[in-house]
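Quick notes on the structure that follows.
For the numbers below, each heavy atom of this structure counts, side chains included, while hydrogens, waters and symmetry mates do not.
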Amino acid sequence: MYAAKQAHEAWRAYDPGMRAAVERRADADHEITRAWGADSVRLYLQPIVRTHDLTVHSVEALLRWVGADGRVVGPATVLDYATRTGQMTRLTQWVVSGTVESLRRIGSGGVPVSINLPTALLDVEDVAPR
């Protein structure tokens, strides 16, 4: 059923590769769930630097996950997991709160800070910390 939805089809014939894909998703879900508990999901503040004068123009909040093998995984896997499991609000709250807390600790130096938010959550009241 998942394969049919992904392909925007009403039905899809079973293919043994489908099972492997489901198992990979389940493994990824397990790994990411473990990562939350082990503080392996991390937030980085990346400065955006002007090349002509090397000054910090702004800062962007970046989400990264460090896998069990030590490899840094980009946000696409974490975002896919959060979307599939209904945890996008929790993830977004964590990113916003973490960014605000980091800025409280280190200061922003007056530069703008960017956080990419899912448009589906723009109407959710509890996304931003109070």
- Message: Just verifying a value: how many Å separate N116 CG and L63 CG, rounded to the nearest 0.5 Å?
- Response: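 Here the rounded value is 10.5 Å.
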
- Taken to the nearest 0.5 Å, the spacing of M88 CE from D80 CG works out to 8.5 Å

- Message: Once salt bridge (Lys or Arg N to Asp or Glu O under 4.0 Å) is applied, do any residues pair with R71, and if so which ones, sequence neighbours excluded?
- Response: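 Partners of R71 by the salt bridge (Lys or Arg N to Asp or Glu O under 4.0 Å) criterion, ordered by chain and then number, come out as D69.
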
Mind listing the side-chain donor-acceptor pairs of residues 41-56 below 3.5 Å, one per line with the distance, residues two or more places apart or on another chain?
unit_1	atom_1	unit_2	atom_2	d
D53	OD1	T55	N	3.2
D53	OD1	T55	OG1	2.8
D53	OD2	T55	OG1	3.3

- Task: Check R64 against P75 and note the closest heavy-atom contact, atom names and distance.
- Result: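 Taking every non-hydrogen atom into account, NH1-CD, 3.1 Å.
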
- Message: Side chains of I115 and T92, heavy atoms from C-beta outward: is any pair under 4.5 Å?
- Response: no

- Query: Are L117 and L62 connected, step by step, through hydrophobic side chains (Ile, Leu, Val, Met, Phe, Trp, Tyr) whose heavy atoms are closer than 4.5 Å?
  - Reply: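 No, it is not one cluster - the side chains of L117 and L62 are not joined through contacts under 4.5 Å.
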
- Task: Step by step, work out the side chain to side chain contact (heavy atoms under 4.5 Å, CB included) result for V100 and V113.
- Result: CA-CA 10 Å; V100 169; V113 178; over 6 Å; no

